[in-house]
Chemist: 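Supplied in structure tokens, the structure appears directly below.
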Amino acid sequence: MDDDTLMIRTAEGEEAAFRFLVQRWEKGVLAFLIHMLGSVEEAEDLVQDTFIQVFNKAAKYEAQGLFKSWLFRIAGNLARSRLRRRKVLRWVQFDTTEHDTPGADEGALAHLEKEEAKTKVRSAVATLPARQREALVLHRFQGLKYKEVAAAMDTTVPGVESLIQRAMAALKVELAGKGDL
Amino acid sequence: MKHVGDKIQAFVAGELSGTEQQLVADHLAQCPECAAEETEARQLWDLLEAAEVPESIPAESAWPEIQARTFGRSQSTLLYGGGLWSKTGIAATALAAGLALAILLPGGGSSDKVLASDSEASWGSSFWLDEQSDAGFSEMWLATATDGSDS
């Protein structure tokens with residue numbers, strides 16, 4: 001069932017439809033918010049707030065096949081609001097021992113090196129200005145097309161193109177300086 | 001020959017129109033400088049995979065908490081107040097209980113007395129229910145963040 005239909009049913013008070021929607025999108029919203037906030041705990045809080053807003057606004061939602069952009073717009077607004085209050089981005093490394101364990105054919109040292117490389121890349125993404133990071137994360141990790149990113153960020157397609165281009169240029173400088181490129 | 005550096009990222013992401021995509025591809029085939037840039041852009045794009053949030057996060061769905069703050073709240077609102085039907089229903093129940101007491105109690109009193117106490121109870125219930133409803137509404141909207149943008 002597509003997202004628009006689920007939203008219409010949610011607005012009609014069908015709990016199962018809303019549940020399906022939450023379970024379909026919560027991982028993506030959480031990943032996006034972790035990139036935006038650098039904190040798993042804060043991101044988890046905002047995932048809840050995002051879906052509370054989705055629920056509260058369901059009756060006003062216009063079904064035009066743009067649910068993904070609309071959803072990430074809500075999440076992005078909440079993240080930016082949180083960042084404005086906090087001013088400084090904290091980057092908390094994921095607990096890799098808990099989430100990523102060495103594969104059967106991977107030695108402990110190789111695993112450690114891989115984790116260090118991941119940390120460098122995550123930190124480099126975290127240092128990007130908020131709007132560049134938002135555009136990049138939505139496109140690269142959430143798979144939104146430029147048009148969808150533009151709708152989510154209330155900007156134009158050329159605007160998104162420029163944000164992503166600048167983000168990639170900054171990452172190139174940051175990672176080249178650390179010998180990863 | 002005009003270089004296509006400003007289009008390489010969109011080219012790698014497959015975001016150019018068919019014609020543009022072809023023009024850039026043709027240029028890359030002839031320009032080693034832009035071709036090197038493209039290779040680098042693809043490497044960086046692939047490297048970003050390392051920044052993906054692990055699949056294992058979150059360990060559990062947030063649905064129980066979200067349910068409690070949405071449909072769960074609606075159910076408790078139905079029980080404790082908020083909707084017109086629930087208020088009317090509880091007021092009607094209070095009225096029926098009052099009438100039953102007046103009939104069953106020894107020396108049940110005049111019908112005037114029953115109606116007065118019942119009316120008081122109903123109003124009191126409704127007033128309390130309104131307070132509950134408003135509190136719930138405010139709490140839900142406190143979660144709403146303002147729109148805005150930064151760098």
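Naming: A, B, ... by sequence-line order, numbering from 1 per chain.
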Chemist: Please give me the minimum heavy-atom distance between Gly14(B) and Lys145(A), naming the atom from each residue.
Modeler: O-NZ, 4.2 Å
Chemist: Assess whether side chain to side chain contact (heavy atoms under 4.5 Å, CB included) is satisfied between Phe71(B) and Arg19(A), documenting all intermediate values.
Modeler: CA-CA 10 Å; Phe71(B) 283 94; Arg19(A) 181 180 187 154; over 6 Å; no
Chemist: To the nearest 0.5 angstrom, please state how far the NZ atom of Lys27(A) sits from the OG atom of Ser56(B).
Modeler: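 Nearest 0.5 Å value for the NZ-OG distance: 7.0 Å.
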Chemist: Mind checking whether Ile57(B) and Leu33(A) sit in one hydrophobic cluster, side chains of I, L, V, M, F, W, Y counted as touching below 4.5 Å?
Modeler: yes
Chemist: Do Leu28(B) and Leu23(B) share a hydrophobic cluster, counting only Ile, Leu, Val, Met, Phe, Trp and Tyr and linking them when any side-chain heavy atoms are less than 4.5 Å apart?
Modeler: no
Chemist: Return yes if some donor-acceptor pair links the side-chain N/O of Lys172(A) with the main-chain N/O of Leu44(B) below 3.5 Å, else return no.
Modeler: no
Chemist: I need the contact set between residues 2-14 of chain A and chain B: heavy-atom distance under 4.5 Å, sorted by residue number.
Modeler: Thr10(A), Gly13(A), Glu14(A)
Chemist: Looking at chain B, which one of Glu26(A), Gln48(A), Arg140(A) has the largest number of heavy-atom pairs inside 4.5 Å, strictly under?
Modeler: Arg140(A)
Chemist: Any chance you could measure Glu161(A), atom CD, to Asp6(B), atom CG, to the nearest 0.5 Å?
Modeler: 7.5 Å
Chemist: Answer yes or no: are there more than 12 heavy-atom neighbours, outside Phe20(A) itself, under 6.0 Å from its atom CZ?
Modeler: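 It does not: Phe20(A) CZ has 12 such atoms or fewer within range.
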Chemist: Taking the side chain as C-beta and beyond, is there a heavy-atom pair between Leu47(B) and Leu175(A) under 4.5 Å?
Modeler: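 They are in contact (side-chain heavy atoms under 4.5 Å apart), so the answer is yes.
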Chemist: For residues Ile52(A) and Arg69(B), report the shortest heavy-atom separation together with the two atoms involved.
Modeler: CD1-CB, 3.4 Å
Chemist: Do Phe141(A) and Val53(B) come within less than 4.5 Å of each other through their side chains, counting heavy atoms only?
Modeler: no
Chemist: Is there a path from Leu37(A) to Val40(A) through hydrophobic residues (I, L, V, M, F, W, Y) whose side chains come within less than 4.5 Å of each other?
Modeler: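 Yes, one cluster joins them.
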Chemist: Using the rule that Ile, Leu, Val, Met, Phe, Trp and Tyr join whenever any side-chain heavy atoms are under 4.5 Å apart, tell me whether Leu66(A) and Val149(A) fall into a single cluster.
Modeler: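 No, Leu66(A) and Val149(A) fall in different hydrophobic clusters.
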Chemist: Among Glu44(A), Met153(A), Gln165(A), Gln23(A), which has the most heavy-atom pairs under 4.5 Å with chain B?
Modeler: Gln165(A)
Chemist: When you compare the side chain of Asn56(A) with that of Thr70(B), does any pair of heavy atoms fall below 4.5 Å?
Modeler: no
Chemist: Output the option from Ala41(B), Pro58(B), Ala13(B) having the highest count of non-hydrogen pairs under 4.5 Å with chain A.
Modeler: Pro58(B)
Chemist: I'd like to know whether the aromatic ring centres of Phe18(A) and Trp63(B) sit less than 6.0 Å apart in this structure.
Modeler: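 Distance test on ring centres: under 6.0 Å, yes.
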Chemist: Looking at Glu15(B) and Lys147(A), does any basic side-chain N land under 4.0 Å from a carboxylate oxygen?
Modeler: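 Judged by the 4.0 Å cut-off on N to carboxylate O distance, Glu15(B) and Lys147(A) do not form a salt bridge.
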Chemist: Determine, using the 4.5 Å side-chain heavy-atom cutoff (strictly less than), whether Trp45(B) and Phe11(B) are members of one ILVMFWY cluster.
Modeler: yes
Chemist: What's the spacing between Gln9(B) CD and Leu136(A) CG if we round to 0.5 Å?
Modeler: 8.0 Å
Chemist: For Glu15(A) and Gln67(B), test the side chains for any donor-to-acceptor distance below 3.5 angstrom and give the result as yes or no.
Modeler: yes
Chemist: Do side-chain atoms of His35(A) reach the backbone of Glu52(B) as a donor and acceptor pair under 3.5 angstrom?
Modeler: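 Looks like no, no N/O pair under 3.5 Å.
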Chemist: Less than 4.5 Å to any heavy atom of chain B: does that hold for the side chain of Ile74(A), its backbone, both, or neither?
Modeler: neither
